[in-house]
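Contents: one structure, followed by commentary.
Naming: A, B, ... by sequence-line order, numbering from 1 per chain. Not measured: the values here are computed from a predicted model.
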Amino acid sequence: MRYLPLTDTDRGEMLAKVGAANIDDLFVDVPEVARLDGPIHGLPMHASEMAVERHMKRLAGKNTVAGDVPFFLGAGAYRHHVPASVDTVIQRGEFLTAYTPYQPEIAQGTLQMLFEFQTQVAKLYGCAVANASLYDGSTACWEAVAMATRVTRRNRAVLSGALHPHYSEVVKTMAQFTGDAIADSAPAIQAEPDMDGLSSRIDDETACVVVQYPDILGRITDLTELAHAAHEKGALLVVVNTEPVALGAIKSPGEMGADIVVGEGQAIGVGLQFGGPYLGLFAVRDPKHVRQMPGRLCGETLDAEGKRGFVLTLSTREQHIRREKATSNICTNSGLCALAFSVHMTLLGEKGLRELAAENHRLACIAVDRLVQVPGVSLLNNAFFNEFTIMLDCKSARDVVRDLADRGVLGGVSLGRLYPGVERLQQALLVAVTETTTEDDIEALATELEAIIKEAA
Amino acid sequence: MRYLPLTDTDRGEMLAKVGAANIDDLFVDVPEVARLDGPIHGLPMHASEMAVERHMKRLAGKNTVAGDVPFFLGAGAYRHHVPASVDTVIQRGEFLTAYTPYQPEIAQGTLQMLFEFQTQVAKLYGCAVANASLYDGSTACWEAVAMATRVTRRNRAVLSGALHPHYSEVVKTMAQFTGDAIADSAPAIQAEPDMDGLSSRIDDETACVVVQYPDILGRITDLTELAHAAHEKGALLVVVNTEPVALGAIKSPGEMGADIVVGEGQAIGVGLQFGGPYLGLFAVRDPKHVRQMPGRLCGETLDAEGKRGFVLTLSTREQHIRREKATSNICTNSGLCALAFSVHMTLLGEKGLRELAAENHRLACIAVDRLVQVPGVSLLNNAFFNEFTIMLDCKSARDVVRDLADRGVLGGVSLGRLYPGVERLQQALLVAVTETTTEDDIEALATELEAIIKEAA
Amino acid sequence: MNAPNKSGWKPAMEVADATGESVTTTGNRALMLEEPLIFEIGHAETTGVDLPEIDPAAPSRLGGLARDEAIGLVGLTEPETVRHYTRLSRQNYGIDLGFFPLGSCTMKHNPRLNEKMARLPGFADVHPLQPVSTIQGALEVMNELAHWLLDLTGMHSVAMSPKAGAHGELCGILCIRAALEARGDAREVVLVPESAHGTNPATAAFANYRVENIPATPQGRVDLEALKARLGPDVAAVMITNPNTCGLFEPDLREISDAVHAAGGFVYCDGANFNAIVGKVRPGDLGVDAMHINLHKTFSTPHGGGGPGSGPVVLSEALAPFMPLPYTARTKDGVVHLIEEEQADDFAREHFGGELSSFGRMTAFHGQMGMFTRALTYMLSHGADGLKQVAEDAVLNANYILRSLEDLLHAPYADSGPCMHEALFGDKDFGNGLSTLDLAKGLIDEGFHPMTVYFPLVVHGAMLVEPTETESKASIDQFITAFRSLAERALAGDESLKQAPYFAPRRRLDETAAARKPKLAWTPPEE
Amino acid sequence: MNAPNKSGWKPAMEVADATGESVTTTGNRALMLEEPLIFEIGHAETTGVDLPEIDPAAPSRLGGLARDEAIGLVGLTEPETVRHYTRLSRQNYGIDLGFFPLGSCTMKHNPRLNEKMARLPGFADVHPLQPVSTIQGALEVMNELAHWLLDLTGMHSVAMSPKAGAHGELCGILCIRAALEARGDAREVVLVPESAHGTNPATAAFANYRVENIPATPQGRVDLEALKARLGPDVAAVMITNPNTCGLFEPDLREISDAVHAAGGFVYCDGANFNAIVGKVRPGDLGVDAMHINLHKTFSTPHGGGGPGSGPVVLSEALAPFMPLPYTARTKDGVVHLIEEEQADDFAREHFGGELSSFGRMTAFHGQMGMFTRALTYMLSHGADGLKQVAEDAVLNANYILRSLEDLLHAPYADSGPCMHEALFGDKDFGNGLSTLDLAKGLIDEGFHPMTVYFPLVVHGAMLVEPTETESKASIDQFITAFRSLAERALAGDESLKQAPYFAPRRRLDETAAARKPKLAWTPPEE
Ligand SMILES: Cc1ncc(COP(=O)(O)O)c(C=O)c1O
Ligand SMILES: Cc1ncc(COP(=O)(O)O)c(C=O)c1O
């Protein structure tokens, strides 16, 4: 078997050394009744690379590849072009097959990369400190709520209705068990989010208010007032971002007064991958909150010869030191995705990120202008970055999305898919446009949409 | 531009340092009339990764991918499964972006690999010494003839009619200019090659006789007699192999008395790649011939601390030292393909290579048995490894191949394609079967072949 | 090739005085290359991508929130980027470089076919919210993987979405809480052995349970009688690692399970060490109610310098109804369904004959697809026969190491019989104040990654050596030779070890200083 | 970050006595890992592939030639294989690691998009003899690349099949011989400058020409008048490298061409240094008849530790009819044709108005497709504007190095004006018997790949530094600092340099011993 280096001769010699007659002598602790005597029934035997590859390719062939069709899905996962060199770097065995850098003398590669990553994320978010990654945006969102309860010693969180519904679900699921109280609702269908309504729900028991920016409908609003409102009541403002490319065009949450900024980093360097692994980003504006942060942190120090080096630090927050008192139970995080993000971000740089953002916005504007020409389609948003909500003059946007798929267009995410029960959202379709979208793609969407709406009428 | 690190500031500072007012001051030696003043007309301007990728994918999409259809082509280029780890290794920047190992202290990776490669090739060929690769099998074949003329101080070469016609063409082309005389012919359509006829053409002026094993029709014959015949006349036996996997099943040329063994290494590790880059293998049975070999050689030595290390050696044979007296003009060879070959061969090992060969032969036997059931199809060969010649009861095998392609089967190489002028070969079809061929593929070929022959009748 | 040095060897190269001055002008030493931070070499105007220049006149519908200030990022061109990260990578150790016996982490070879399959556009370039008709292949991967996991563990159901082991623990414990709450039985305590991984108590605490210790026997196992004595109506669950973190099988697990169940509690099994027993025994046959499986350990998906992982949780029938959404299931007609909030109840009613009382959702989307494709590729490659061999070779390698070192080093449980996949030692009798850390750093100089140190906490100066099955005998023999030489030096009190490593890219790093005044992001040097 | 050391630095680490004894038991030094030969760690029965066991009863139609003896190969499993080659790779220097100013070799960055495109199944998994209707995309790549090459060089035609530069030289010289023979003009001599690359005289000799020297001026250029004097009816061709191997442009090339043509000969231009002038001047405008282009230099395809390369040859109208088969051409209807032996004459008659007198075939199949896809990807990425910038930056970098070192080092042609893409120095005035080699080895310790040494032959202890355009100013500045420090030491006669490198995987290797008793393959150790 191609992954098993021991030869039968080796096995014989080694059994002799350990004084066992056969391998099962080493499994004596397993209760007799539970011991399996042959390979597990019903599973196939070992197979060659070629056979496995054929099988996996057959499965892969049953999926519609985003890049093969006009493609407009977003809602927390965005399709951007990832430069070829990103994959070259993350396939380096020294990165790919390393563990968490517990032995810093031979893990400076991972550690320096994490230090650079933390700096990039902090700058992007307008924060002082970012951690070395969490699982994904949704769990980062929950960790932010949990941290806010630790910092404020309050246990009520107010969630914006326009927070990604999966994120609210995760927060509410966790809160069920931790005993935190969560207030939320589905978004209202209006051009601007109701920030006053949100502010008015903050009270003296509120640990934090959580708002998404751009929000689930693609809307963009100034959060400065909300930050004031939260701070006035002693609450923290948690801002969630699911499209980091947007922050190349719009103000950072930190600039507007967010205390904790979390988000999904997938859009930069990671790729779609059917939803995972993704990359949880987590940053705080005020360095004083560092010791309440979840997850790993990499810090600068010196070695015994006085050379600069990097180590994991402030580990007393973490489970392996603090056990039941840790700030989070997280151990394995998203290291390799952080590397992919950091490499892509390094390739972009300030200039590239801004240009990328501008190109996304430019194409989104073109898409909007074209789509509103389709009879029965109207735009909800006043403002948007690369994703926006259109209202369809027909019963169910969800059916439209399925019809579009049948016609070879992946036309967006229907709000009905995200909020199945909520009647008022069923006509809304979320459309994302990135630099990978061509004008032909936009035309295809508009044409097919028109045909479908016409047929339905 | 993404590959150019100099910033405009850098350029300004550097021009100042070199005392030039502008960049064109550095091109003063270019005659005024010939200087171009802007980007060359008619060519596109720089483009993003995404745009280039789209363009290249469009072109790639116009080719039929061998792996997507039943596929039976060989004739000097074979489709084998290449393990995924081969590509991992050859993409390591330290291998990919290195140059010829002129500074051995920081090129031990390439050098040790070449030493291992040379050993593998020598063993496979049944020889004492192999070089560090040449361009491909056809040029290696010519280099063998040229070496034989140096060794024997004679300048007549006898080529077997069943040598790959491209190889004979290359030899004859070169010989035109070096003044060597080449005797050859197209193969006769018979179950066994005419070895007696070949032997009888060797005389006292013959430098070498060149024979392919397995030959262009897939036939396999014992070469021991031929070796005797050649040696009796003071000539060398040059054996050409285009399918190294065969040597996992059949005797090596060295065993049978070949003096120089050359071949194409593509089948192991390199892939089809539309014909190049491929891998020229070159070995000699008798170590005394080493100093007449073309190309690079890697040898073992010690460093100043007494540690084993490797260097390029016997360079006095080579152009960079010997200039017009060199054994060959070759400089850049096929280093990375040699690495791919060596990695794949290491993964195979003795056991894997033998099993791979057995599996190829097993499937080829199945294919033969099935194809001869098709009315109008008969087998030419007595013996074969994984490639054989069938005779079609219709005018032109070449047309059949085209018809098969239209029906989605890449059914083999017609001898008409390889020998356009030779009437007697037009009904012959060369069919190669490897471990990548499925029984469904064989069935598809048989079925379509039957239909085409029937239609033609 | 090189004869082992006798104990007492002294390094030829003295520690330089801490001036940071270097022996070359560049600070490089041939192939050991120094590399600055991107912020020290990049520029705001440099980029490694070619995008259209920004048209200032282009329409902007950003609601007046266009960024006006600089972000503060820097860019590098592609040549600089590739070089930067290549040079950094060369300061790292990985499985691809050598033996990486990091106990509890199962650092086995990461097959390259896994990487290739995960990159097929049909898996890599698919959006999680595409219409279900366009993602049948992805759902089949999840289902097939689920099928393998259930067959290998003998459990009833599996929750696929947890993102790593600790997330899986949380999933399991939440299932238990939900099940208990569903029967109106609010319990408060989770019992966890002292030897447990930190994530166990952290998880239990996170789910608002009080953590109490399970007593251990001198043989390093759960003390069955003591445990039984503690069980009662306040105990929600026991969390047991099996094989445990001392590398030993818990022979009484079946009885423990029975006792816990009898007391109305549940058994959570930490499956991080499943590699030792895969194909040899099924946790389901030992009465386990929930167990996470680290696909990045047993099933060979790469650790990537800290993640991503994937932690599916197999569940007993009692816990299955509470599992988090989404999950996938294939119905009799062969169609694969993605079950989200919306369809959960209908689906459960129709196909499982009951309502689902899912405790909710643990993550956006559907889990670590990129790891699923890799793990499935690995399972198909090994097959049922290969996976059994995996466990056997992993256990054989560990026992071989145990028996090759126990004469020299304190091996606390060596007398209690064979170990499983890990050999455990302690630093008893090291001379001159030397400890486990010094031996670990000595291993670095010898070209190995150290084993896990100071875990589990129950052994003084613990050294937990997990060779895995992908190591050759030659490699292990070389490790044993080097380890013996270092152990001899440590026992003899060779102080030169206190300054190891000598040859790594960095000498020992000052972790105290790092934590005292944390510098967690680059800041421009003060002028 | 580190201040440059003052000249006279002495290494802290002394050379160990030549016993081969090591400071660790393994011989490793942390991340600098020793690695045995596969034959020392592999086994005949070990394999890293899973294939069906051989069925001894299976039918065999091998004509009685089945192998009975062992081949002598050994195998490794995949984990061992990946580790073996990863460890070996770490003993190598490449562009990805650092500055690689190997003159004449144009070690520029190899873009990763090239690698990705070459691996598209539509290019990688296509057989060269597939029916033409199934390979239209491959032919288009060749045609598009040909189009670029012709536009960039201003030439008439291009032969695509040559496999590397030297093969291209041969192609060009054979075209010349064929053209001369076609007009019944058997000439005997090819003129080649002493500074030429070894492949030039080797090629000419191979084509049965006598090689004679072209005299040079003190400014390192071809001596126009002396050349003119030598031309005559026996001279078939002159081979000129432009920019030449001293890194200088040949200002008289147009006049040389005119003179050669007037004397009935042809001009072969070695295009290895095309990177310096791409987009700035077209060789076709200078009267060149044939020039090879190393795609692995100017057009960024990787060198791969020695190859593969690709050497298309652009030709003047006079030589075009003689070019080797096969070639591709697009006809007015847009269809791309692969022209092999069979169609050549018909095609040439129909579309080029004459018969092709191709001199034959240089290789099986159609050339280095894998390099064509990479080179075309690169050209499309840079575009006409980018390629011009390539030449400009390459030349600027070289001049910057020249002017930053000429005060210290002998720079033989520095006074004659700007250089092109290379800066050339000599080892005049080095003290204590030190020479270029010692400085080169010192650069290794500093983390650089040395420049080309002792070539061209016309300069004593030549050091040919080619930075290329993909190097940043910071990187070049660091190189200059290190180079100056080493030059100062060499001039001062610092003998410690004679033992450099100190930090590489190996100290200086005994090349004399290697050649005296060559060991070119592994043999089992004698018992
Ligand atoms: C015993 C044990 N339990 C739990 C975990 C946590 O798993 P993960 O890192 O995947 O979250 C680990 C991982 O190190 C472990 O070794
Ligand atoms: C000036 C010059 N001419 C010719 C060649 C030969 O080219 P190749 O190595 O591609 O055969 C080289 C390559 O080093 C060169 O530098």
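Side-chain rings of A:F274 and C:H366 approach one another, their centers coming within less than 6.0 Å. Residues A:F177 and C:F359 place their aromatic rings such that the two centres sit under 6.0 Å apart.
A donor-acceptor contact closer than 3.5 angstrom links the side chains of C:S381 and A:R2. Of the N and O atoms on the side chains of A:H166 and C:E341, not one donor lies less than 3.5 Å from an acceptor on the other residue.
Residues meeting the salt bridge (charged side-chain N to carboxylate O under 4.0 Å, His left out) test with C:E45, sequence neighbours left out: none. In terms of the side-chain contact (heavy atoms from CB on, under 4.5 Å) criterion, residue partners of C:P418 (sequence neighbours excluded) are, by chain and number, A:L26, A:V28, C:N399.
Contact check for C:E69 versus A:E255: side-chain heavy atoms found under the 4.5 Å cut-off. Looking at heavy atoms from C-beta onward, C:L37 lies in side-chain contact with A:Q112 at the 4.5 angstrom threshold. Proximity of A:T64 to C:V126: side-chain heavy atoms (C-beta onward) are nowhere separated by under 4.5 Å.
When the candidates C:L120, C:L396, C:L102 are compared by the number of heavy-atom contacts under 4.5 Å with chain A, C:L396 comes out ahead. Residue with the most contacts toward chain A among C:H109, C:R177, C:R254: C:R177 (heavy-atom pairs, distance under 4.5 Å).
Side-chain N or O atoms of A:E350 include one that pairs as donor or acceptor with a backbone N or O of C:I71 at under 3.5 Å.
Of the atoms belonging to C:Y93, heavy atoms from both backbone and side chain fall under 4.5 Å from chain A.
Between C:E53 and A:R354 there is no salt bridge, since no side-chain N of the basic residue sits under 4.0 Å from a carboxylate O of the acidic one. A salt bridge is defined here as a Lys NZ or Arg NE, NH1 or NH2 lying under 4.0 Å from an Asp or Glu carboxylate O, and C:R508 with A:D303 fails to meet this definition.
The aromatic rings of C:H382 and A:Y3 sit perpendicular to each other, their planes meeting at more than 60°, with 30° as the lower class boundary. Between A:Y99 and C:H303, the two ring planes are tilted [angle within 30° to 60°].
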